[in-house]
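Read through the structure below, which is laid out as structure tokens, and then see the notes.
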Amino acid sequence: MSKDLHDLPFDEGTKAKLKIFSDYIKSWLPVFLASKITSWENINIFDFFAGPGADVTGYNGTPIIIINELSSYFKYFEKKRINLHLYFNEFNQNKFSLLNKKIEQLESNNKFPYKISIDNLDFKEAFEKHYTAMKLDNTANLILLDQSGIKHITPEIFQQIVNLKTTDFLFFISSSTIRRFSELDTIKQYIDVSKEKVEATEYFKTHQLILEYYQSLLPSSRSYYLAPFSIKKGANIYGLIFGSGHVLGIEKFLSACWKADPDRGEANFDIDKENILPNQLSLFTGKVQQPKKVDVFENELRNRILDKRIVTDENIYLFTITMGFLPKHARKVLKFMIKDGKIKKKNFLLGSDIVKASTPKIKLELIENGN
Ligand SMILES: C[S@@+](CC[C@H](N)C(=O)[O-])C[C@H]1O[C@@H](n2cnc3c(N)ncnc32)[C@H](O)[C@@H]1O
């Protein structure tokens, strides 16, 4: 039997996952706690598979990462009335007791301006218990589902989550398990991906296939953004799937992914097997070689601008984010197009504010004969 994750030092894959999570929460907290414009009556952070708080060496797990990150925001609690509630859940009795003790200790040494609750329940029961609180009006939720394996985020749970208002979620999934056992009924009841699709997908891209499966479950009436990050642990492929109903949420998650993977923003390994060395020159162009994925994005954005499928800065922003890229990648394309005399220079806004109805959209102007 394999050893429990918390009986050993966290491995590199687990640390990569925790780093993405901690970078993401760093950018999530200011939006919800420090924003001057928006205020929610209730803010909930749920960690339904919380673990004991650390590995055997004391390396912090998700609940302690959340508590530590919150310490920079205490002044905002004084300034405005914020009802923040942290909900932790852990099914294993021993880990639950360790987490409880740790939190009690932290609470005895600090006066936290928010509430912490800890449950010792099976995930489904804990989720149902708190679903009413998640659904309340004027409530923002962040849901972390750091399961081992694959079976807890069923199509029903996924749909319940994506139907919530102002809710971002992040879940972990063992994608290679699905690949290996996709035809078994015991797997199909949770994730129904056909054997043919699995066989047509390269091993390293398994997690992207799982993302497509969850995309197919999204209700057509709802605009919702999902993004993946693949993690290799030994020979296995795992991954994170992030979801948000707002482009700002997805931009924040993508920033954490590009920080972790500056080449492609999507994996803790060379997912396209391109073996590009830093500053390596291409044999064909003499320029510094960049991943094919970046070339494809740059060409596609340029072509869409030239044939007028993209006509405003809002179009550019949304295309960029949905392709898994950041505004800085789009800015580089625009800069070259301006320099090459293809489009007129203007003050384009390439941030999430551009999607607000009140923000004026700037039209792209092509320069005739700028071929
Ligand atoms: C991948 S670990 C989570 C690690 C944790 N987030 C951390 O950073 O240390 C998954 C956790 O879920 C717990 N677990 C397993 N089955 C569960 C269930 N049915 N409901 C809730 N928790 C469960 C395990 O005991 C384990 O601690």
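All ligand and atom numbering here is 1-based and tracks the order in the structure.
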I'd like to know if the side chain of N89 and the backbone of F48 have a donor-acceptor N/O pair within less than 3.5 Å. yes
Any donor and acceptor pair, going by atom type alone, linking the side chain of N120 with main-chain N or O of E90 inside 3.5 Å?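 Yes; at least one donor-acceptor contact below 3.5 Å.
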Could you list which atoms of ligand 1 come closer than 4.0 Å to a heavy atom of F123? 18 (C), 19 (N), 20 (N), 21 (C)
Under 4.0 Å from a heavy atom of N92: give me the atoms of ligand 1 that qualify, with their elements. 25 (O)
Distance from [atom] to nearest protein heavy atom, with residue and atom:
atom: atom 3 (C) of ligand 1; result: F49 O, 3.2 Å
atom: atom 17 (C) of ligand 1; result: F91 CB, 3.6 Å
atom: atom 9 (O) of ligand 1; result: H6 NE2, 2.7 Å

Taking the six-membered ring of Y238, is the NZ or CZ of K233 close enough (under 6.0 Å from the centre) and on axis enough (within 45°)?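 Yes, K233 and Y238 form such a contact.
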Sub-4.0 Å heavy-atom approach of [X] to ligand 1:
X: L121; answer: yes
X: K124; answer: no
X: F172; answer: no

Which residue pairs pass the ring-ring contact (aromatic ring centres under 6.0 Å, His included) test with at least one member in residues 88-110, sequence neighbours excluded? none
Verify the contact flag for atom 21 (C) of ligand 1, where contact means a protein heavy atom under 4.0 Å away. yes
Is the ring pair F169/F158 parallel, tilted or perpendicular, if the boundaries are 30 and 60 degrees?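 The arrangement is perpendicular - the two ring planes meet at more than 60°.
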Atom 4 (C) of ligand 1: which of D146, L144, N89 has the nearest heavy atom? D146
For a 4.5 angstrom cut-off between non-hydrogen side-chain atoms, does L33 reach F77? yes
Salt bridge (Lys or Arg N to Asp or Glu O under 4.0 Å) test vs K17 passes for just one of D11, D23, D146, namely D146
